[in-house]
**Q** 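Dropping the structure in here first, questions after.
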Protein chains: 2
Amino acid sequence: MTSAEYSPLARKLLAFVALSEVELAVLKRLHQRRRSFVAGRDMVHQGQSAQAAYVLSSGWVCSYKLQADGSRQIVDFQVPGDFLGLRSVLLRTSDHSFEPIVDIEAVEVLTADLLDAFAQTPRLATAVLWAASRDEAMVVEHLVGVGRRDADARMAHFLLELGSRLALVGVGSRNGFNCPLTQYHLADTLGLSAVHVNRVLRQLREHGLLTFRDGRVTFHDYGGLVDLADFDPAYLDQTGPLLK
Amino acid sequence: MTSAEYSPLARKLLAFVALSEVELAVLKRLHQRRRSFVAGRDMVHQGQSAQAAYVLSSGWVCSYKLQADGSRQIVDFQVPGDFLGLRSVLLRTSDHSFEPIVDIEAVEVLTADLLDAFAQTPRLATAVLWAASRDEAMVVEHLVGVGRRDADARMAHFLLELGSRLALVGVGSRNGFNCPLTQYHLADTLGLSAVHVNRVLRQLREHGLLTFRDGRVTFHDYGGLVDLADFDPAYLDQTGPLLK
DNA sequence: CGCTTATTTGATACCAGTCAAGTTCCGTGG
DNA sequence: CCACGGAACTTGACTGGTATCAAATAAGCG
C-alpha cells in the first residue's frame with residue numbers, strides 16, 4: 001500500500017507510530033460513514049453530549065467556546081486529517097462548539113467503535129494519545145500568545161503556525177497559503193476586536209511583512225515575521241515514527 | 001484493596017476507567033523510584049529532552065513557557081495525582097519548564113516502561129488518554145479566560161477552578177483553600193502584571209467576594225464569584241468510570 | 001439593484017501596563 | 001537583641017495598547 005492510499009487519519013497517525021497491516025485494517029473499519037456539513041452552521045453545540053467524533057477529510061473547521069456575554073474564543077482550527085470532537089467523546093460532554101469555515105467532508109467515528117479499537121490494538125491508543133498531545137501543544141502555544149504577546153506578534157505567530165501546519169499536509173509554503181478566514185475569525189482567535197485586527201493587518205502590510213487579502217495570506221518577509229513572533233515550529237514537526 | 005491504598009495516579013485513573021487487579025499491578029510497577037525537588041528550582045528546562053515523566057505525590061508544581069523577552073506564561077498547575085511532563089515524553093521534547101511551588105515528592109515514570117505498559121494493557125492507555133483530555137480541557141478553559149475575560153472575572157474563575165480541583169482531592173471547600181502561590185504566580189498565570197493582580201485582589205476583597213492573604217484563599221460570596229466568572233465546573237467533574 | 005456581509009478608517013474612552021516609592025514581613029548575621 | 005537585606009506586597013501617577021462607537025466603502029448575491 002502506498003502512502004497516497006491511506007486515509008487522512010492513517011497518514012497522520014503513521015507520523016507518530018508505525019502501524020501494522022492489522023492495525024491499519026482496524027483503523028479502516030473505524031470510519032465508514034462519510035458526512036458533509038455546510039459552512040457556517042454549527043456541527044455540534046456546546047453542552048450537547050456527543051456520541052461520535054469526526055475525522056476531517058476536507059475543508060477547515062474551528063472549535064470555539066461561547067461566553068455568557070456573547071463573546072467567543074476560538075480554541076483551534078482543524079485541517080484535513082485532524083480529529084474533531086475527540087475530547088467531547090472521551091469526557092462525554094461537548095465543551096466546545098464546532099463551526100465549519102467552508103463546506104466540509106468528515107468521517108464519523110462512533111465512540112463505542114473507537115474504544116473497541118483501543119482494546120484490540122493498544123498501539124492505536126498510543127498513536128491517538130500522541131496526536132492528542134500535539135493538539136494540546138498547539139493550544140498551549142495559543143495560550144502563551146494570547147497571554148504574553150502583543151497584538152502584532154500574536155497575529156504573526158498565528159499565521160506562521162497555520163502556514164506551517166498547512167505546509168505539513170502539502171498546502172502552502174513559506175510564500176503563503178490560501179486562507180478562508182475572515183477578520184472576525186482572527187479576532188475571536190487572538191482575543192482582539194475585529195477593528196483592531198484590521199489595524200494590525202494594515203501595520204504588518206505597511207512594514208512589508210505579510211498581506212492578508214482576498215482569501216490569501218502572503219508572507220513577504222518570512223525571517224522578519226519569525227523574529228517578530230519569536231516563532232519556533234519545533235512543536236509542530238514530527239520527523240518520524242516515535243514508536244517502531 | 002481499599003481506595004486509600006491506591007497510589008495517587010491509580011486513584012486518578014480509576015475515576016475514568018475501572019481497572020483490573022492485573023492492570024493495577026502493571027500500574028504499580030510503573031513507578032518505583034521516588035524523587036524530591038526543592039521549591040523554586042526548575043525540574044526540567046525548556047528545550048531539554050525528557051526521558052521520564054513524573055506523577056506528583058505531594059506539593060504543587062506549575063508548568064510554564066518562557067518568552068524571548070523574558071516574560072513567562074504559566075500554563076497550568078499540578079496538584080497531587082497529576083501527571084507532569086507526559087507531553088514532553090510523548091513528543092520527545094520538553095516544550096515547558098516545571099517549577100515546584102513548594103518542596104515536592106514525585107515518582108518517576110520512565111518512557112520505555114510507560115509505552116510497554118500501554119502495549120500490555122490497552123485499557124491503561126485509554127485511561128491515560130482520558131486523563132490527558134481532562135488536562136487539555138483545563139488549558140482550553142484557561143485560554144478562554146485569558147482571551148475573553150476581563151481581569152476580575154479571570155481572577156475569580158481561576159481561583160474557583162483551583163478550589164474545585166483541590167476539593168476533588170479532598171483539600172479545600174467552598175469556603176476556601178490553602179494556597180502557596182505568590183501574586184507573581186497569579187500574574188504569570190492570568191497574563192497580567194503583578195501590580196494589576198494586586199489591584200484586582202483588592203477590588204475583589206472590597207466587594208466582599210474573596211480574600212487572598214497569608215497563603216490562604218477565602219471565598220466570602222461563592223455565588224457572587226460564580227456569577228462574576230461565569231464559572232461552570234462541569235469539565236472538572238467526573239461522576240464515575242466511563243469505561244466499565 | 002438593494003440587501004447583507006466583510007473591510008476600512010477616525011475619534012474617543014478605558015483597562016491594564018509601567019515606573020517609582022514605600023511598607024511589611026522574615027531570616028540572617030553581627 | 002538589633003541591623004540589615006531581600007522578597008512579597010501595596011499604592012499612586014502617568015502612559016499606552018486595545019476596545020468601543022460610528023460611519024463610510026467595497027464586495028458578493030438573489
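Chain A is the first sequence line, chain B the second, and so forth, proteins listed ahead of strands; every chain is numbered from 1.
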**Q** Which nucleotide wins on minimum distance to the side chain of H196(A), given the candidates dA22(D), dT18(D), dG12(D)?
**A** dT18(D)
**Q** On DNA chain D, check which nucleotide each of Y184(B) and R213(A) is closest to and give me the residue with the more 5' one.
**A** Y184(B)
**Q** Measure from the side-chain heavy atoms of F212(B) and tell me the nearest of dG12(D), dC9(D), dG17(C).
**A** dC9(D)
**Q** Tell me the interatomic distance from L186(B), atom CG, to dA16(C), atom P, rounded to whole angstroms.
**A** 15 Å
**Q** Counting only side-chain N and O atoms of Q183(B), is one of them less than 4.0 Å from OP1 or OP2 of dT10(D)?
**A** yes
**Q** Taking the basic N atoms (NZ, or NE/NH1/NH2) and the acidic carboxylate oxygens, is any pair closer than 4.0 Å for R165(B) and D82(B)?
**A** yes
**Q** Can you see if the side chain of R199(A) gets near the phosphate of dT9(C) - specifically, an N or O under 4.0 Å from OP1 or OP2?
**A** no
**Q** Between atom CG in L192(B) and atom P in dT10(D), what is the gap in whole Å?
**A** 15 Å
**Q** Between E206(B) (CD) and dT11(D) (C1'), how many Å, whole number?
**A** 12 Å
**Q** Nearest-Å distance, CG (D214(B)) to P (dC25(C))?
**A** 9 Å
**Q** Should N198(A) be listed as having a side-chain N or O under 4.0 Å from OP1 or OP2 of dT8(C)?
**A** yes
**Q** So what does T182(B) hit on the nucleic acid, given a heavy-atom distance under 4.0 Å: a base, only sugar-phosphate, or nothing?
**A** sugar-phosphate
**Q** Is the distance between the ring centroids of F158(B) and F77(B) less than 6.0 Å?
**A** yes
**Q** With sugar-phosphate meaning primed atoms plus P, OP1 and OP2, does A151(A) contact a base, only sugar-phosphate, or nothing at under 4.0 Å between heavy atoms?
**A** sugar-phosphate
**Q** Whole angstroms only, please: what is the CZ-C1' distance between R148(B) and dA16(C)?
**A** 16 Å
**Q** How close or far is atom P of dA6(C) from atom CG of L181(A), stated in whole angstroms?
**A** 12 Å
**Q** In whole angstrom, what separates D188(B)'s CG from dG17(C)'s P?
**A** 11 Å
**Q** Across the strands shown, which category fits G40(A) at heavy-atom distances under 4.0 angstrom: base, sugar-phosphate, nothing?
**A** nothing
**Q** For the pair E141(A) and R149(A), find out whether any cationic side-chain nitrogen is under 4.0 Å from an anionic carboxylate oxygen.
**A** yes
**Q** Starting from P on dA6(C), measure out to CD1 on I101(A) and report it in whole angstrom.
**A** 11 Å
**Q** Centre-to-centre under 6.0 Å for F37(A) and Y54(A), is that the case here?
**A** yes
**Q** Check every strand shown and say whether G191(A) touches a base, only sugar-phosphate, or nothing at a heavy-atom separation below 4.0 Å.
**A** sugar-phosphate
**Q** Regarding T211(B) and H220(B), do their side chains bring together a donor and an acceptor under 3.5 Å, going by distance alone?
**A** yes
